[in-house]
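The structure's right below; bear with me while I get my questions together.
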Protein chains: 2
Amino acid sequence: MGIEIKIALNEGLYLKDPQDSVLGRNIIKHSIILLSDLGFEAFNFKKLAQEMNSTEASIYRYFENKHLLLLYLVSWYWEWVAYLIRINTTNIDDPKRKLEIIINSFVSASVDNPTTDYVDESKLHSVIIAEGIKAYHTKEVDNENGKGFFKNYKQLINNVAGVIMEINPTFEYPYALASNLFEMSNNHIYFAKHLPRLTDIQVSENKYSEVEKMLNYFASKLLDYEI
Amino acid sequence: MGIEIKIALNEGLYLKDPQDSVLGRNIIKHSIILLSDLGFEAFNFKKLAQEMNSTEASIYRYFENKHLLLLYLVSWYWEWVAYLIRINTTNIDDPKRKLEIIINSFVSASVDNPTTDYVDESKLHSVIIAEGIKAYHTKEVDNENGKGFFKNYKQLINNVAGVIMEINPTFEYPYALASNLFEMSNNHIYFAKHLPRLTDIQVSENKYSEVEKMLNYFASKLLDYEI
DNA sequence: TTATTTATAATAGTTTTACTATCATTTTAA
DNA sequence: TTAAAATGATAGTAAAACTATTATAAATAA
């Protein structure tokens with residue numbers, strides 16, 4: 001039935017690939033909903049099992065713990081943003097235009113992807129904004145980095161840095177700017193919603209055009225070009 | 001014995017002011033050490049009690065839970081950076097020079113403060129870099145913001161934004177730039193240490209001069225001035 | 001100084017979280 | 001149609017996150 005996308009994620013993230021079974025896809029689907037409702041701290045496998053009419057033990061057969069489930073979702077998100085960028089920059093030559101599309105993909109990664117019905121990308125984006133950073137701010141980061149768990153993120157940033165270097169080959173901080181644009185996007189959406197005095201932009205009902213405008217302004221100023 | 005600084009923090013953060021007793025100051029001191037060693041997830045009041053030869057129940061008389069203890073430390077840090085900025089920008093008129101000092105305070109907030117012997121500022125800075133963001137990325141953020149728990153952060157950013165507006169009154173994003181400089185400082189030190197492919201700078205042994213250089217470059221580019 | 005309050009320690013207990021183990025049942029694949 | 005694999009149902013353990021109680025020590029006020 002239609003095109004089925006399978007997102008390639010590091011095998012160490014899960015015990016059994018959730019994309020391969022109904023139960024697995026259900027875990028993904030409902031974990032996004034529940035994380036969005038409860039936040040990472042109050043979220044647990046017992047509540048998830050209740051929510052989806054399954055059992056705790058069944059979920060533990062897919063994921064070792066909730067941290068790895070979050071990292072799985074975050075990796076999915078990184079991979080999906082990379083995919084969005086890839087399809088939307090095909091046949092675009094101007095790197096400035098490419099960066100504009102990249103920024104648009106960062107902020108509007110909430111547009112639903114018709115090819116995966118078990119992932120509500122809009123809700124996943126909300127989860128990433130609120131909880132994403134917790135996936136890579138842990139004492140396990142070095143160990144997990146060694147296992148390749150952050151490859152998707154690094155690859156994404158690497159691609160963006162490539163475009164930045166195309167625009168301005170003398171710019172000294174292409175990787176830092178790339179990761180900062182991504183982090184800033186999520187951060188300032190969060191600030192606008194919860195701590196508005198830490199930002200200048202406003203957001204309403206998943207309309208993030210002001211964030212987009214700000215990131216484009218920052219990028220153009222730093223890389224010396226007119227928007 | 002010497003000058004004693006008492007940092008004014010929101011009273012809702014604690015049940016009993018830890019600055020007012022030996023035990024309280026011990027809780028602060030050892031929680032910084034233990035958070036730095038274990039990370040927020042593995043840290044708990046039982047281990048803290050063991051570490052400092054006290055009891056779980058005694059710690060619970062000072063802090064409701066470990067989240068609020070973290071928020072207390074983070075608020076302390078914000079207040080301390082604001083203090084650093086205040087004393088180091090006294091009698092400085094040039095706002096560009098002021099911003100330079102602000103950036104230096106963000107990255108080198110690890111220099112020890114001789115006035116509080118129970119807070120190892122260098123270690124506290126490490127804790128902030130690794131765990132700080134968890135203090136304001138929770139489902140309680142709106143509720144806690146309503147109680148004024150983030151006032152120190154907002155005040156700090158407000159002051160920095162003021163300097164930014166002095167430098168360039170037409171700049172559209174003074175608050176966003178201010179908070180971004182702060183977040184970026186912590187973030188890229190973290191990246192340099194743990195996920196170096198997400199940044200361009202390097203750090204070694206608490207020497208953060210490259211971060212400082214980068215932030216100054218970003219600021220000057222965005223605000224249109226020469227360093 | 002003693003009496004009184006207050007702070008801390010020692011101990012024990014409850015509830016929730018984060019798992020692990022076992023076995024029965026259902027689904028799938030050969 | 002039969003074996004193998006996946007899931008469900010149930011139970012249990014260990015640690016985390018607290019709360020409660022009583023004893024003791026320290027500070028302070030009369």
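So that the names make sense, note that chain A is the first sequence line, chain B the second, and so on, each numbered from 1.
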- Message: Assess, by modelled atom type and distance only, whether the side chains of A/Glu121 and A/Thr116 contain a donor and an acceptor separated by less than 3.5 Å.
- Response: yes
- Atom CG of A/Leu48 and atom C1' of C/dA18 are separated, to the nearest Å, by 14 Å
- Query: Quick one: A/Ile27 CD1 to D/dA6 P, roughly how many Å, whole number?
  - Reply: 13 Å
- Item | A/Ser21 side chain near D/dA5 phosphate (N/O to OP1/OP2, under 4.0 Å) |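 For D/dA5, OP1/OP2 do not have a side-chain N/O of A/Ser21 under 4.0 Å.
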- Task: Run through A/Leu23, A/Asp17, A/Leu68 and flag the one making a side-chain contact (heavy atoms from CB on, under 4.5 Å) with A/Tyr62.
- Result: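 Testing each of A/Leu23, A/Asp17, A/Leu68 against A/Tyr62, the sole residue satisfying side-chain contact (heavy atoms from CB on, under 4.5 Å) is A/Leu23.
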- Quick one: B/Leu68 CG to D/dC18 C1', roughly how many Å, whole number?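 Nearest whole value for this atom pair: 14 Å.
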- Query: Taking B/Thr90 for the side chain and B/Ile87 for the main chain, is one N or O donor matched with an acceptor at less than 3.5 Å?
  - Reply: yes
- Find which nucleotide of DNA chain C each of B/Lys16 and A/Glu41 is nearest to by heavy atoms, and output the residue with the more 5' nucleotide.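 Taking each residue's closest nucleotide, the earlier one in sequence belongs to B/Lys16.
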- Residues A/His67 and A/Glu144: side-chain donor-acceptor under 3.5 angstrom: yes
- Nearest-angstrom distance from the residue atom CZ of A/Phe45 to P of C/dT20: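 Atom CZ in A/Phe45 sits about 11 Å away from atom P in C/dT20.
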- Whole-Å distance separating the NE2 atom of A/His67 from the C1' atom of C/dC19: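 Distance check: A/His67 NE2 to C/dC19 C1' gives 16 Å.
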- Euclidean distance, atom CG of residue B/Leu34 to atom P of D/dA16 [Å, nearest integer]: 12 Å
- Item | Ring-ring centroid check A/Phe182 A/Phe106, cutoff 6.0 Å | yes
- Message: Without decimals, in angstroms, what is the distance between A/Gln50 CD and D/dA9 P?
- Response: 13 Å
- Query: How close or far is atom P of C/dA7 from atom CZ of B/Arg25, stated in whole angstroms?
  - Reply: 14 Å
- Message: Would you say the ring centers of B/Trp76 and B/Tyr83 fall short of 6.0 Å from each other?
- Response: no
- Describe the nucleic acid contact of A/Lys46 in one word from base, sugar-phosphate, nothing, applying a heavy-atom distance below 4.0 Å.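 Counting heavy atoms under 4.0 Å across all strands, no contact is made by A/Lys46.
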- Item | pair B/Ser75-B/Trp78: side-chain heavy atoms closer than 4.5 Å |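 Contact flag for B/Ser75/B/Trp78 side chains = yes.
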- Note on the structure: Ordered by number, residues from residues 54-66 of chain B within less than 4.0 Å of DNA chain D (heavy atoms) are B/Glu56, B/Ala57, B/Tyr60, B/Glu64, B/Asn65, B/Lys66
